[in-house]
Amino acid sequence: MTDTAWDVIVVGAGAAGLFCAGIAGQRGRRVLLIDHSAKVAEKIRISGGGRANFTNRDLDPRAPQKHFVGENPNFCRSALSRYTPADFIALVDRHGIAWHEKHKGQLFCDRSADDLIQVLLRECEAGGVTRWQPCAVAGVRQGGDGAYELDTDRGPVRAPKLVVATGGLPIPQIGASDFGLRLAAQFGLRVVDPRPALVPLTFDGAGWAPYAELAGLALPVRIETGEKKARMAFDEDLLFTHRGLSGPAVLQISSYWLPGTPLRVDLAPGAALADALAEAKRHSHKRLANELARWVPSRLADAWTARDADWQRPVMETADKALARLAGQLQRWELVPTGTEGWRKAEVMRGGVDTRELSQQTLESRQPGLYFIGEVVDVTGWLGGYNFQWAWASAHACAQAI
């Protein structure tokens with residue numbers, strides 16, 4: 001067993017693990033980075049359509065927690081306020097990586113997500129980090145002196161500090177693992193039950209049949225779930241699928257939706273639809289569906305009006321109550337998902353290592369010398385680069401502490 005080679009072992013060569021290893025190495029620590037996958041940072045590589053939505057400049061350093069969900073969203077404030085999107089942008093700029101902003105503060109690499117991976121690898125190289133890939137960890141234990149001993153494919157290793165950056169359960173086809181959750185449990189740390197987040201929602205076959213024909217249709221909506229203080233709403237694009245709903249609106253709301261509870265969707269946000277249809281009745285000779293297509297896509301107008309004989313006539317001949325009912329249904333569509341598309345389609349995990357077990361300043365757990373960073377922690381960001389920013393910020397806080 002090599003008991004003097006390493007100051008810190010980082011398990012997981014994704015966004016958080018690579019960044020933490022590089023910073024710790026550049027601060028003079030002897031770092032071993034281990035990952036069971038042969039490929040480095042596959043989740044970065046496939047993110048953002050292959051261009052990596054690497055941060056979001058709309059994140060407010062004074063109140064970053066408003067873009068995150070978990071048992072204690074305020075936990076993330078310390079790390080996110082100390083390492084901001086501007087800090088990571090400066091790193092990307094220093095490496096000469098071209099990037100652009102899409103809507104709502106989302107930043108992407110101009111060329112490829114691989115540019116971002118190369119930045120992280122160069123940072124690790126600058127820190128003299130040793131990286132073992134592929135290398136699985138079969139077991140972890142704590143020695144009598146408090147150091148962590150790991151049984152790996154390349155032999156046993158040990159270090160006084162162990163950083164777990166193994167991510168969550170989404171996208172098992174690229175090597176997602178529950179290693180971090182199992183390790184937390186092994187050392188007596190609480191885990192918030194994990195569930196898919198930023199994930200499409202599904203509906204039962206019979207109930208969804210009238211809408212399945214709309215698969216591929218996208219439109220801007222206002223979507224919400226929850227009641228009173230737990231209410232959450234987003235203004236984003238919705239996408240109909242064969243099995244249910246997707247698109248940014250649904251991915252966002254999925255992090256807040258609880259099984260068995262309804263979603264409420266306004267399919268014509270900003271429109272005074274009831275008044276507009278009543279006005280159209282006074283002068284329009286068009287079919288109701290054609291008139292409705294002024295406010296919603298024609299495919300949606302056709303499919304929606306086909307559901308009720310009262311709506312299959314010229315708007316001028318449609319009863320006032322029928323028009324009011326149509327407007328109400330379109331702007332207050334309430335439906336209860338039966339489930340999600342699961343880990344295979346989820347972008348992130350909600351839940352993870354309970355933040356009550358961790359220091360918000362250092363990410364060290366109650367188990368001395370054992371740290372958890374990135375997605376394995378119960379901190380889940382909104383769609384749009386927030387989860388990568390949590391990876392950078394939590395990794396930075398941890399590396400500074402180490």
Side-chain angles (χ1 to χ4, degrees), residues 53 55-77 80-81 85 102-106 168 170 192-203 218-241 244-271 328-343 345-352 354-355 375 377-390 393:
N53 179 191
T55 191
N56 195 302
R57 68 188 336 166
D58 285 355
L59 187 147
D60 182 355
R62 295 161 299 179
Q65 72 280 3
K66 69 183 180 182
H67 298 290
F68 292 82
V69 61
E71 295 290 300
N72 177 20
N74 285 313
F75 175 86
C76 64
R77 287 182 64 177
L80 286 165
S81 62
K102 287 192 176 179
H103 74 308
K104 298 189 176 182
Q106 301 171 10
V192 177
D193 288 343
R195 60 184 179 89
L198 299 185
V199 63
L201 298 173
T202 57
F203 299 82
L219 73 160
V221 304
R222 180 168 183 81
I223 190 168
E224 64 176 57
T225 193
E227 303 290 344
K228 297 180 180 177
K229 288 186 177 181
R231 178 182 166 276
M232 195 65 195
F234 291 96
D235 296 299
E236 286 281 8
D237 284 356
L238 177 83
L239 174 67
F240 284 85
T241 71
L245 296 173
S246 188
V250 170
L251 298 187
Q252 292 281 43
I253 209 71
S254 71
S255 296
Y256 295 86
W257 172 74
L258 297 175
T261 63
L263 301 177
R264 296 175 295 277
V265 185
D266 181 350
L267 292 163
Q329 287 190 19
L330 281 166
Q331 296 202 283
R332 291 183 297 277
W333 186 26
E334 186 167 297
L335 64 171
V336 180
T338 51
T340 77
E341 289 283 6
W343 297 117
K345 292 287 185 73
E347 294 195 15
V348 294
M349 175 178 77
R350 177 161 178 184
D354 195 322
T355 54
E375 190 181 349
V377 179
D378 179 31
V379 173
T380 302
W382 287 7
L383 186 73
Y386 295 101
N387 286 291
F388 272 136
Q389 187 58 38
W390 168 245

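Rounding to the nearest 0.5 angstrom, the gap separating the CD1 atom in I223 from the CG atom in L263 is 5.0 Å. Atom CG of L238 is separated from atom CG of L267 by 7.0 Å, given to the nearest 0.5 angstrom. The line from CG of L239 to CG of L251 is 9.0 Å long, rounded to the nearest 0.5 Å. For the atom pair NZ (K102) and CG (N56), the distance works out to 13.0 Å, reported to the nearest 0.5 Å. Remark: Q106 CD to N53 CG distance equals 5.0 Å, nearest 0.5 Å. If you take OG1 on T241 and NZ on K345, they are separated by 8.0 Å, rounding to the nearest 0.5 Å.
Checking side-chain atoms of T202 against main-chain N and O of G339 turns up a donor-acceptor pair under 3.5 Å. A donor-acceptor pair under 3.5 Å links the side-chain atoms of R264 to the main chain of G226, judged by distance alone. Without hydrogens or angle criteria, S81 side chain to P61 main chain gives no donor-acceptor distance under 3.5 Å. Remark: side-chain polar atoms of E334 are not paired, donor with acceptor, to backbone N or O of P262 under 3.5 angstrom.
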Side chain to side chain contact (heavy atoms under 4.5 Å, CB included) between D354 and D378, worked out: CA-CA 6 Å; D354 195 322; D378 179 31; 5.6 Å; no
Run the side chain to side chain contact (heavy atoms under 4.5 Å, CB included) check on L201 and T340 step by step: do they pass? CA-CA 4 Å; L201 298 173; T340 77; 3.8 Å; yes
For V199 and R350, run side chain to side chain contact (heavy atoms under 4.5 Å, CB included): C-alpha distance rounded to whole Å, both residues' side-chain angles, the deciding distance at 0.1 Å, then the answer. CA-CA 11 Å; V199 63; R350 177 161 178 184; over 6 Å; no
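Closest approach of A346 to P196, counting heavy atoms only: CB-CB, 3.7 Å. Across all their heavy atoms, P200 and S246 have their closest contact at CG-OG, 3.5 Å. Nearest heavy atoms, M349 versus A197: C-CB, 4.3 Å. In this structure, E224 and A233 approach most closely via the heavy-atom pair CB-CB, 3.6 Å. Looking at every heavy atom in both residues, F68 comes nearest to P73 through O-CB, 3.7 Å. For W382 against N387, the heavy-atom pair with the smallest separation is O-ND2, 3.5 Å.
In this view, F203 and W208 satisfy the ring pair (Phe, Tyr, Trp, His ring centres under 6.0 Å) rule, not counting sequence neighbours.
Ring geometry for H67 versus Y386: interplanar angle under 30°, hence parallel rather than tilted (30 to 60°). Using the six-membered ring where Trp is involved, W333 and F240 have ring planes that are parallel, under 30° apart on the 30 and 60° scheme.
Between K104 and E236, some side-chain heavy-atom pair lies under the 4.5 Å cut-off. The side-chain heavy atoms of W257 and M232, taken from C-beta on, include no pair separated by under 4.5 Å.
A side-chain contact (heavy atoms from CB on, under 4.5 Å) with Y256 holds for exactly one of T261, T225, T380; it is T225.
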